[in-house]
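Have a look at the structure below before the remarks.
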Amino acid sequence: MLDSVTHSTFLPNASFCDPLMSWTDLFSNEEYYPAFEHQTACDSYWTSVHPEYWTKRHVWEWLQFCCDQYKLDANCISFCHFNISGLQLCSMTQEEFIEAAGICGEYLYFILQNIRTQGYSFFNDAEETKATIKDYADTSCLKTSGIKSQDCHSHSRTSLQSSHLWEFVRDLLLSPDENCGILEWEDREQGIFRVVKSEALAKMWGQRKKNDRMTYEKLSRALRYYYKTGILERVDRRLVYKFGKNAHGWQEDKL
DNA sequence: CGCCATTTTCCTGGTT
DNA sequence: AAACCAGGAAAATGGC
């Protein structure tokens, strides 16, 4: 397998991940998308493969990692522009990165080029890496505080790193690759959707939160709390929910 | 450490 | 009867 070939080359220090690992480490869990066994079974974590050999999934994992690690606003990133293989990613120019992710694209481009030239040892020291990124930002006349969605609002589509349940649900609805028929739009324009596989949804959410005791009963309780805050609106049908006025990022024409 | 929002856990009771 | 729904209550969690 690819893994066995590239692992030693690009993971010179197996412990380098530790200071960097946070929520992203669960993506290294091969059970993360149980419905994608055919894919995950032979798909290792992005750090064990050279960027040029990344699958779409690796690219996705890398993006999530970058968002998490460097506090990039995921709303800046146009997911559809990054639904590509590692080879395609590596062939993107800096301009194309900016096109796809606004100001965040510059960071992503910079990080990717460093991985390509230095391998993953680039991440050996988390603080050093952050400092390097910061230096890069400063020399590029960019301000960390400037990496906000208003700088690249036109590219927002799916939040790649959603810490909230409703965002997780939204992103699943917007990502057919990961959805696997777990969720389904009932009325796309009105934001009405149905939970098709309640157990699978709970399991997926549980994996995201590293909680193997998650059930749909408990997940649905959390969803019901959203009625109060206007994130969701009640729909008088079993397993059917509707995005409320305080939910954003789900509308097709507002990307 | 405290505050706060969110989520988890548990529960009682009702509905499909 | 199994699977959901409605919320109250309280604990856990994580960010600031």
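Per chain, numbering begins at 1; letters A, B, ... match sequence-line order.
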Earlier contact from the 5' end, DNA chain C, for Lys228(A) and Leu239(A): Leu239(A)

Shortest non-hydrogen separation from Val59(A) to Ser85(A) and the atoms involved: CG2-C, 3.9 Å

Is any side-chain N or O of [X] closer than 4.0 Å to OP1 or OP2 of [N]?
| X | N | answer |
| --- | --- | --- |
| Trp205(A) | dT8(B) | yes |
| Tyr227(A) | dG7(C) | no |
| Ser198(A) | dC4(C) | yes |
| Lys209(A) | dT7(B) | no |

Student check: side-chain heavy atoms of [X] and [Y] closer than 4.5 Å:
| X | Y | value |
| --- | --- | --- |
| Trp54(A) | Trp60(A) | no |
| Arg221(A) | Tyr225(A) | yes |
| Leu112(A) | Phe97(A) | yes |

Rounded to whole angstroms, how far apart are [atom1] on [X] and [atom2] on [N]?
| X | N | atom1 | atom2 | answer |
| --- | --- | --- | --- | --- |
| Leu201(A) | dT8(B) | CG | C1' | 15 Å |
| Tyr216(A) | dT8(B) | OH | P | 14 Å |
| His164(A) | dG14(C) | NE2 | P | 12 Å |
| Glu199(A) | dA2(C) | CD | C1' | 12 Å |
| Leu232(A) | dA6(C) | CG | C1' | 15 Å |
| Arg208(A) | dG14(C) | CZ | P | 15 Å |
| Leu223(A) | dC5(C) | CG | C1' | 12 Å |
| Tyr226(A) | dG7(C) | OH | P | 17 Å |

Glu199(A) atom CD, neighbour heavy-atom count above 12 within 6.0 Å: no

Test: Arg188(A) cationic atom under 6.0 Å from Trp185(A) six-membered ring centre, within 45° of axis: yes

B/S/- contact track for nucleotides 9-16 of chain B, protein heavy atom under 4.0 Å: BB----BB

Side chain of Arg234(A) (C-beta onward), nearest among dT6(B), dG7(C), dC4(C): dG7(C)

Short N-O contact, Lys242(A) and Glu186(A), less than 4.0 angstrom: no

